[in-house]
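Since the structure comes first, as structure tokens, the remarks are kept for the end.
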Amino acid sequence: MSTAELVLPECPRPEDRAPAPPPPRPRRVRRWLGALLARRVRRRGIDLATLRVLPRAATVPLRRDGVGPASALTALAARGPVHRLELPLDVAVHLVTGAAEARAVLADADGYSTDVRHLFSGDGPVTGADVGGLGFTDPPDHTRLRRLVAPEFTRARLQRLVPVVEGTVDRALDALEAAGSPADLVRHVATPVPMSVIAGLLGLEGADEQVLARLATRRFDATGGPAGAFGAVSAQRRLLPRRSPPSGAPPATG
């Protein structure tokens with residue numbers, strides 16, 4: 001009688017085995033933590049002045065490749081008009097890149113808000129009173145501020161600034177020519193011309209004008225967290241009372 005030969009499969013060596021797939025992302029846990037954080041914020045509030053760093057995903061619309069939008073933002077816009085950002089704890093934040101969708105959001109004052117003053121405590125380095133301005137205000141405060149500055153933007157009022165602006169541009173072009181090639185339009189024209197005109201309207205000159213320019217850059221740079229950006233707003237507000245604006249200059253609104 002013949003006996004059947006039993007053949008066992010060869011066991012792979014440990015070094016030949018394929019790596020195990022990574023464990024699934026604990027999305028439920030992230031959502032639970034996000035909901036817990038949201039409840040805590042609603043109950044106790046939040047102070048944006050304490051945030052020193054923003055999640056990288058939240059800085060996508062703030063980053064630049066040279067003077068243009070970052071490639072990551074361009075890629076998002078090509079995929080669709082609305083995107084949910086991947087933030088820690090699954091916090092729901094959406095980025096709107098479509099023109100029509102952005103107009104709809106901006107026009108819906110009841111559904112969306114730009115007023116973040118309630119997200120600052122009253123005893124930190126930056127308070128809600130330091131934010132303000134047209135960019136972070138909803139109606140009726142936004143309407144009141146617009147009425148304050150609107151008379152200064154009529155054709156007749158702007159016409160009086162023509163000699164001032166022309167003189168500022170001439171000096172900037174002279175500096176650009178003196179600097180030689182290659183021409184840096186941002187450094188010698190695009191940045192100093194508007195800042196010089198604004199400083200003149202506010203009655204600032206010399207060292208104060210330079211401080212104003214530095215703070216203007218910082219207040220629109222949120223990559224270091226809200227504390228740095230809104231801290232620059234606070235510093236600008238403290239700078240303005242040093243000098244009285246010239247007669248007829250528009251009021252400062254933040």
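- Pairing each heavy atom of Phe153 with each of Leu158, the nearest pair is O-CD1, 3.6 Å.
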Under 3.5 Å, which donor-acceptor pairs do the side chains of residues 178-192 form with other protein atoms, sequence neighbours left out?
from   : atom 1 : to     : atom 2 : distance (Å)
Asp184 : OD1    : Val186 : N      : 3.3
Asp184 : OD1    : Arg187 : N      : 3.1
Thr191 : OG1    : Val186 : O      : 3.0

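- Screening Leu106, Val105, Asp110 for a side-chain contact (heavy atoms from CB on, under 4.5 Å) with Asp108, the sole residue that qualifies is Asp110.
- Considering only heavy atoms from C-beta on, Leu95 comes within 4.5 Å of Leu73 through its side chain.
- For the atom pair Arg171 CZ and Leu173 CG, the distance stands at 11.0 Å (nearest 0.5 Å).
- Cluster annotation: Leu85 and Tyr112 are assigned to distinct hydrophobic clusters (Ile/Leu/Val/Met/Phe/Trp/Tyr, side-chain heavy-atom contacts under 4.5 Å, transitive).
- Separating the CD atom in Glu101 from the CZ atom in Arg103 is a distance of 8.5 Å, to the nearest 0.5 Å.
- The backbone N or O of Ser113 lies less than 3.5 Å from no partner atom in the side chain of Asp138, so there is not a single donor-acceptor pair.
- Atoms CD and OG, on Gln210 and Ser196 in that order, are 11.0 Å from each other to the nearest 0.5 Å.
- Using a 4.5 Å cut-off on side-chain heavy atoms (C-beta onward), His83 and Thr97 make contact.
- Listed here is the closest heavy atom pair of Met195 and Ala213: CE-CA, 3.8 Å.
- Within the 4.5 Å cutoff, side-chain heavy atoms of Arg157 are placed close to those of Thr154.
- With contacts defined as side-chain heavy-atom distances shorter than 4.5 Å, the pair Leu161/Leu201 qualifies.
- Linking Ile, Leu, Val, Met, Phe, Trp and Tyr whenever their side-chain heavy atoms come within less than 4.5 Å puts Val93 and Val60 in one cluster.
- Taking a 6.0 Å sphere around CZ of Arg147, one finds it holds 12 or fewer heavy atoms contributed by other residues, nucleotides or ligands.
- Two residues are said to be in side-chain contact when any heavy atoms from C-beta on lie closer than 4.5 Å; Arg79 and Leu76 meet this criterion.
- The minimum heavy-atom distance between Pro139 and His142, with the atom names listed, is N-CB, 3.7 Å.
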